[in-house]
Structures are given as structure tokens and as C-alpha cells.
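Structure record follows, encoded as C-alpha cells.
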There are 2 protein chains.
Amino acid sequence: MFSKTCEYGIRATIFIASESFQNNRVGLKDIAKKIDSPEAFTAKILQILSKNNIIHSIKGVGGGFEIPKETMSQIKLSQIVTALEGNQVFTGCGLGLSHCSEEHPCPVHDKFKFIRNELAAMLENTNLEELASGIKSGDTFLRY
Amino acid sequence: MFSKTCEYGIRATIFIASESFQNNRVGLKDIAKKIDSPEAFTAKILQILSKNNIIHSIKGVGGGFEIPKETMSQIKLSQIVTALEGNQVFTGCGLGLSHCSEEHPCPVHDKFKFIRNELAAMLENTNLEELASGIKSGDTFLRY
DNA sequence: TCGATTCCATGATTTTTATCATATTTTAAG
DNA sequence: CTTAAAATATGATAAAAATCATGGAATCGA
Ligand code: FES
Ligand code: FES
């Protein structure tokens, strides 16, 4: 469904959010360990997220990544996905035609469109705050 | 969403079905042309589909691929997807955890499960006959 | 200022996926 | 029985995605 880049990116962001909840700044090593991801690869992903203002990075001793509490409830899953994979998942054709449209639909267009819209709506209506709270309470997990 | 293998596989199968409707057997070259796919790659995919009894192949002069009319309405999209990509799309975790389960859910589990089930149901409830008829009538397209 | 720590930038390598190429087998037809 | 047309099998190459590695830049504390 999603690329590894996107999977790691979402997991990392949720972890950072869950720590920022209690004002904890977290470093790369810690993130990679907690979400069970390759460290260097994760670093690249975090850089992209940082450039897209989804997470905030602080260099130097005692630095790390964080997400301001205020913005946490405003960051939606869709933003993370878009930053990391573009919007193909929201607009692309299920059978790989170069354009999805009503005028030139593929055989599964009508049925696929529905699923795609559900997915888009889900990503659009899910914010970081609710995801992070599940981690904090121990109800949900980011590895294994 | 789907791999190229799967996209080409579905498109090829629909095309074969639409031709089998009017008792036309079709060859590899023709298929690749009509669905705009690389010929040799398509050949490999067709072999897999053939081994999985989704399409029927006939070697030699005048040979090609076909789908018996009787079975056409019984072949579901889900079978094609499973044959070509396994069942990860039906059972896999949206965030890439190795197992998806209620006991050890990832943060998006509840919401993702819903989408995944919708997709699974769609693939399960869509058969080749209906897809092929759209092609025959000119309402849907397999390329561009 | 200096050194340690941490993110940042860039490129190399590996793995996976997609694509290409070649030779073999099967079969209908002449 | 030979030939040509097809699918099949297998392996090689190319492209993309994922992973690794290295050096640089910023920041803090001493
Ligand atoms: S054209 Fe294929 S999904 Fe819309
Ligand atoms: S555990 Fe992630 S979708 Fe079920």
C-alpha cells in the first residue's frame, strides 16, 4: 500500500509527537530504535519531513526532533504521505493508466474511485494528536 | 497501490476476457499492444496467470490466450491480485508492522482496517465478466 | 575557543522490481 | 516431416527503491 519511506515516516512522526506530548525532544538514534527502522534511511526521511515543516529539528548538543504541541492536532496523515510520496495515492489510476478521469476511465474506475476517496478521507481526517495518544496510553504500537 | 506486475496482469486479463467474449483467441503481441505494456514482461505475467488457471494458453500456430466463457463470471479480481502479489494487500499492516492484529495494533489499525476491508470486498465482488463488458461496449479503456 | 553531539548533505551500495534477450518446446498446416 | 508460429523457460540487464557510509555544519557547554 505505502512505500517503506512512507511507513517509516509516519511511524517516526507519531513517535516524535508522542514524546513531544510530554515535552521530550528525541534524537535520530532513539527514533530508529523505537520504530525499528534503519538509522541512516530514517535520517533522510526526517530531513524531508523537516523541510516540509511537519517536524521541527534542532541541531547540536541536546538537539533532536520535536513537534510543537499546538500544531500537533493540525498535522494530518495526508500531509506526511504527500510530502513523502506525492499525491499519486490520491489521484492515480488503480490500473496504472497515466491519468484517471471520468472521460477516459479504466474498467475499475468507478469501484476504485470509491476506495481511493475513502482512503484519502481517512488520511485527511486523521491528525497526529489522536495517533500519538494511543502510543502514550500503550494501546497501540510502532514496532513488530 | 498495486505493482506494475499486477496492473499489467489485470489489464491483460480483462482484455483477454473481452476478446474471449466473442470467441477470439489473442496472442502476446496483440495483448501487449492493446494494453500498452512491455511485451516480454507481459509474457512472464501471463505465464503466472496461466499456471494459476486464471487464463488458458494454447501453444503453436494459431495459439494464444483465452478464457472460457463459463468461467469468466467466476474469476474475481482478488484471484488475479493474489496470484501476482500474494495476500499482503488483504492482510498486511498499513504502517509496515510484520503482523496486523487486534492484539498488537499499530496507530492506524482501526481506521486502516476499514479501508483494507473495503478494498478486499471490492476485489472479491468484482468479476471478469462485468469488467470485460465495459471494454466491449467502449465505455472503459485499457491504455493511456 | 574547543570538543563533543547532533542534524544535514551527498553520494555509494545493495536489494527489489521492472524490463530485455535468447533459446526451447509445442502445435497446426502444408 | 518440415516449417513457421506461437507459448515457455531461463537468465541478463536496467531502473527504482531501500539501505549504508562519510564528511560537513550548527550548537551547546566547558
Ligand atoms: S481511470 Fe483507472 S481509476 Fe480512474
Ligand atoms: S496493525 Fe497496522 S493495520 Fe493492523
Side-chain angles (χ1 to χ4, degrees), chain A residues 1-13 15-16 19-20 24-33 35-67 81 83-86 88-89 92 95-96, chain B residues 1-13 15-16 19-20 24-33 35-67 81 83-86 88-89 92 95-96:
Chain A
M1 180 72 81
F2 296 116
S3 63
K4 292 273 178 203
T5 299
C6 205
E7 291 174 353
Y8 292 148
I10 294 174
R11 274 151 62 190
T13 308
F15 174 64
I16 297 169
E19 292 292 312
S20 290
N24 274 341
R25 189 178 290 168
V26 289
L28 170 62
K29 279 203 183 65
D30 198 17
I31 296 172
K33 205 166 294 175
I35 72 171
D36 187 39
S37 67
E39 206 174 297
F41 189 27
T42 307
K44 279 194 178 173
I45 297 170
L46 292 175
Q47 285 171 37
I48 298 174
L49 293 173
S50 177
K51 275 186 197 152
N52 284 80
N53 297 310
I54 290 167
I55 63 182
H56 183 215
S57 73
I58 299 98
K59 281 186 182 176
V61 177
F65 298 90
E66 63 185 19
I67 299 174
V81 173
L84 296 175
E85 329 202 274
Q88 194 64 9
V89 61
L95 294 189
Chain B
M1 180 74 82
F2 297 117
S3 63
K4 291 274 177 203
T5 299
C6 205
E7 290 175 352
Y8 292 148
I10 294 174
R11 273 151 63 189
T13 308
F15 174 65
I16 297 170
E19 291 292 311
S20 289
N24 274 342
R25 188 178 292 170
V26 289
L28 169 63
K29 278 202 185 66
D30 197 17
I31 296 170
K33 206 165 295 176
I35 71 171
D36 187 38
S37 68
E39 205 174 298
F41 188 27
T42 307
K44 279 194 178 172
I45 297 169
L46 292 174
Q47 284 171 38
I48 298 173
L49 293 173
S50 177
K51 276 186 196 151
N52 283 80
N53 296 311
I54 290 167
I55 62 180
H56 184 216
S57 74
I58 299 98
K59 280 188 182 176
V61 178
F65 298 90
E66 63 185 19
I67 299 174
V81 173
L84 296 174
E85 327 203 274
Q88 193 65 8
V89 61
L95 293 190

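Treat the numbers as computed from the prediction; the structure is a model and nothing was measured.
Computed from coordinates, the A/L84 CG to D/dA17 P distance equals 13 Å when rounded to whole Å. Taking atom CD of residue A/Q88 and atom P of nucleotide D/dA17, one finds them 11 Å apart after rounding to whole Å. Put simply, CD1 on A/I45 is 13 Å from P on D/dA17, counting in whole angstrom units. Regarding B/K44, its NZ atom lies at a distance of 11 Å from the P atom of D/dT10, rounded to whole Å. Note: CD1 (A/I35) to P (D/dT19) measures 11 Å, nearest angstrom.
Looking at A/T13 and A/I67, their side chains come closer than 4.5 Å, going by heavy atoms from C-beta outward.
Between B/I54 and B/A83, the shortest heavy-atom distance links the atoms CD1-CB, 3.9 Å. Residue A/G9 comes nearest to A/L49 through the heavy atom pair O-CD1, 3.9 Å, listed as atom of the first residue, atom of the second, then distance.
With sequence neighbours left out, A/E85 forms a side-chain hydrogen bond (donor to acceptor under 3.5 Å, both in side chains) with A/S3. Partners of A/N24 under the side-chain hydrogen bond (donor to acceptor under 3.5 Å, both in side chains) rule, at least two apart in sequence or in another chain, are A/E19. For B/D30, the salt bridge (charged side-chain N to carboxylate O under 4.0 Å, His left out) test picks out B/K34, with sequence neighbours left out. Taking A/E66 as the reference, A/R25 meet the salt bridge (charged side-chain N to carboxylate O under 4.0 Å, His left out) condition, with sequence neighbours excluded.
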Pairs of donor and acceptor atoms involving the side chains of residues 37-48 of chain A, under 3.5 Å and at least two apart or interchain, shall be tabulated with distances.
{"residue": "A/S37", "atom": "OG", "partner": "A/T42", "partner atom": "OG1", "Å": "2.6"}
{"residue": "A/T42", "atom": "OG1", "partner": "A/P38", "partner atom": "O", "Å": "2.5"}

Strictly under 3.5 Å: I want the nitrogen or oxygen pairs between protein and nucleotides 6-9 of chain D, one per line.
{"residue": "D/dA7", "atom": "OP1", "partner": "B/L28", "partner atom": "N", "Å": "3.0"}
{"residue": "D/dA7", "atom": "O3'", "partner": "B/S57", "partner atom": "OG", "Å": "3.4"}
{"residue": "D/dT8", "atom": "OP1", "partner": "B/S57", "partner atom": "OG", "Å": "2.6"}

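Taking the 5' to 3' direction, DNA chain C first and last meets chain A under 4.0 angstrom from a heavy atom at C/dA4 to C/dA12.
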